[in-house]
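To start, the structure under review is shown below, and the notes come after it.
Order of the sequence lines sets the chain letters (A, B, ...), proteins ahead of strands, with each chain counted from 1.
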Protein chains: 2
Amino acid sequence: MTKSQAMPAQKTRIQNQNEQIILDAALEVFSAFGYRGATVDQIAIKAGFSKPNLLYYFRRKEEIYVAVLENTLEKWLAPLRSLNPDNDPIEELSAYISTKLELSWRNPAASKLFANEILHGAPHVGKYLKGPLKDLVDQKAAVINFWVANGKIKHIDPYHLIFAIWAVTQHYADFSVQVEALIGPKPELATIKQAVIQILLGSL
Amino acid sequence: MTKSQAMPAQKTRIQNQNEQIILDAALEVFSAFGYRGATVDQIAIKAGFSKPNLLYYFRRKEEIYVAVLENTLEKWLAPLRSLNPDNDPIEELSAYISTKLELSWRNPAASKLFANEILHGAPHVGKYLKGPLKDLVDQKAAVINFWVANGKIKHIDPYHLIFAIWAVTQHYADFSVQVEALIGPKPELATIKQAVIQILLGSL
DNA sequence: TTCATTCTTGATCAAATGGTCAAGACCAGT
DNA sequence: ACTGGTCTTGACCATTTGATCAAGAATGAA
């Protein structure tokens with residue numbers, strides 16, 4: 001009896017190593033061209049594999065894509081998770097914005113990949129949005145409402161505040177081409193942080 | 001001597017009519033699937049034409065795409081153009097946000113098409129960003145700086161304020177799937193307007 | 001009606017692309 | 001060195017898809 005069909009439960013050293021190389025390459029390619037626009041050949045070349053070899057590790061193009069996406073999601077959500085109701089609201093929200101901005105700034109490919117996925121109707125992560133993401137956001141919205149109820153910040157709709165933070169922070173990664181066309185290349189992250197925090201939290 | 005090769009300068013009634021039908025269909029398809037993801041067949045079917053007939057009006061897929069994009073750009077920019085330095089800053093900016101939000105809200109396909117184009121490096125409108133768009137934005141940034149200099153609003157970086165307005169307003173169209181997953185379907189536009197204006201302009 | 005022009009389409013093509021397969025190379029435990 | 005499993009690849013296949021073309025149908029000005 002052979003176990004060849006489904007990949008073995010135990011992963012080889014080479015497997016772990018090569019899968020990571022492939023995922024890194026795939027992130028770049030999917031992010032730059034979208035799911036349909038990316039080709040298995042492109043990913044294979046960027047990763048330094050032959051196409052059949054790449055398809056030995058991931059049997060279908062979609063499997064690579066989903067793996068890359070899942071690989072990104074948790075990292076993407078972590079900052080929101082750390083919003084702490086016991087600290088000063090402005091401090092906490094500023095730190096959140098700052099962290100999120102840096103995350104997008106340093107992982108523009110991941111940001112663009114996610115944006116592209118949502119933009120096209122979230123065909124692969126729809127369940128995730130309505131499940132874990134919604135749970136987390138509901139929880140953190142409650143934290144913001146708690147701050148409002150205790151008079152620590154002015155009244156605000158927590159969901160729209162979170163949306164605004166997401167929108168603005170990701171804008172600098174997703175629309176970097178436009179940003180750079182308008183204010184020149186390589187703007188300072190510190191400058192952006194300051195302006196964004198002022199705009200988004202100035203009303204609190 | 002025949003003029004068949006390049007399309008005649010004078011457009012037929014049928015040509016104008018059919019080109020518009022095609023552009024409408026193409027907007028939907030390109031917006032939903034991206035440039036590569038969209039197929040000429042899909043556009044043809046949605047427009048009610050045979051594929052060769054569609055390619056009679058637009059010789060290449062890319063030609064359709066560029067036409068759709070150009071068709072959208074001017075409409076997209078108009079609201080910013082009407083920012084008037086002589087009126088009350090908060091009034092003007094509120095009106096701008098409101099108009100932009102409604103525009104995105106009512107033309108989600110156009111918003112997504114544009115987002116997708118920028119996301120992938122603006123291969124077809126790069127020139128436009130650095131040219132006409134930059135000129136307009138520079139001009140309007142000067143207006144905001146004028147308001148600041150006259151003490152009408154608190155000090156703010158005009159470019160980042162404009163980016164924030166764009167990011168947030170388009171977020172509700174581009175990321176509608178995520179928004180609806182988190183706060184339920186069909187949120188009220190009026191509610192969104194109020195929250196967004198408070199968040200973005202509260203610091204001024 | 002006439003007829004040149006415009007419009008429409010079935011058939012077809014070439015290239016791109018996701019995916020398969022058999023055969024061989026490599027690796028690790030014995 | 002032997003051997004079973006893992007890893008790698010050249011060759012190949014089926015489908016999709018952008019694009020062409022010749023031939024026929026509709027249109028409109030005279």
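- Taking only side-chain atoms of Tyr56(A), from C-beta outward, the nucleotide of dT8(D), dG18(D), dG10(D) with the closest atom is dT8(D).
- Atom-to-atom, CZ of Phe30(B) to P of dT17(D) comes out at 13 Å; the value is rounded to the nearest Å.
- Nearest to the side chain of Thr39(A), among dT17(C), dA19(D), dG10(C), sits dT17(C).
- Remark on DNA chain D: of its neighbouring residues Lys51(B) and Asn53(A), the 5'-side contact belongs to Asn53(A), judged by nearest-heavy-atom nucleotide.
- Atom pair Asn16(B):CG and dT6(C):P shows a separation of 14 Å (rounding to whole Å applied).
- Which of dG19(C), dT6(C), dG18(D) sits closest to the side chain of Arg60(A) comes down to dG19(C).
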Enumerate donor-acceptor pairs with a distance under 3.5 Å from any side-chain N or O in residues 21-34 of chain B to protein atoms, sequence neighbours excluded.
residue  : atom : partner   : partner atom : Å
Asp24(B) : OD1  : Gln20(B)  : NE2          : 3.1
Ser31(B) : OG   : Ala109(B) : O            : 3.2

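- Of the side-chain N and O atoms in Asn18(B), one or more sit less than 4.0 angstrom from OP1 or OP2 of dT8(C).
- The side chain of Phe49(B) lies closest to dT8(C) when the candidates are dT8(C), dG18(D), dT8(D).
- For dG19(C), the base has no donor-acceptor partner in the side chain of Lys61(A) [N/O atoms by modelled type, under 3.5 angstrom].
- From Lys100(B), atom NZ reaches atom CG of Leu93(B) across 14.0 Å, with rounding to the nearest 0.5 Å.
- Within the nucleic acid shown, Ile14(B) comes within 4.0 Å of sugar-phosphate atoms alone, with no base atom in reach, counting heavy atoms only.
- Nucleotide dC7(C) holds its P atom 15 Å from the CG atom of Leu55(B), rounded to whole Å.
- Using a 4.0 Å cut-off between a side-chain N of Lys or Arg and a carboxylate O of Asp or Glu, Lys140(B) and Glu92(B) do not qualify as a salt bridge.
- dT9(D) atom C1' lies 12 Å from atom OH of Tyr57(A), rounded to whole Å.
- Here Arg36(B) reaches the OP1 or OP2 of dT17(C): one of its side-chain N or O atoms lies under 4.0 Å away.
- Atom pair Asp41(B):CG and dT9(C):P shows a separation of 13 Å (rounding to whole Å applied).
- In this pair, Phe163(A) and His160(A) present their aromatic rings perpendicular. The plane angle is above 60°, beyond the 30 to 60° band.
- When the nucleotides dA28(C), dT6(C), dT8(D) are ranked by their closest atom to the side chain of Gln15(B), dT6(C) comes out on top.
- Ile45(B) places its CD1 atom 12 Å from the C1' atom of dT17(D), with the value rounded to the nearest Å.
- Per the geometry, CD belonging to Gln42(A) stands 15 Å off P belonging to dG19(C), to the nearest Å.
- Side-chain proximity of Pro52(A) to the nucleotides dA11(C), dC7(C), dA11(D) is greatest for dA11(D).
- Both tests pass for Lys61(A) against the ring of Tyr35(A): distance under 6.0 Å to the centre and angle within 45° of the axis.
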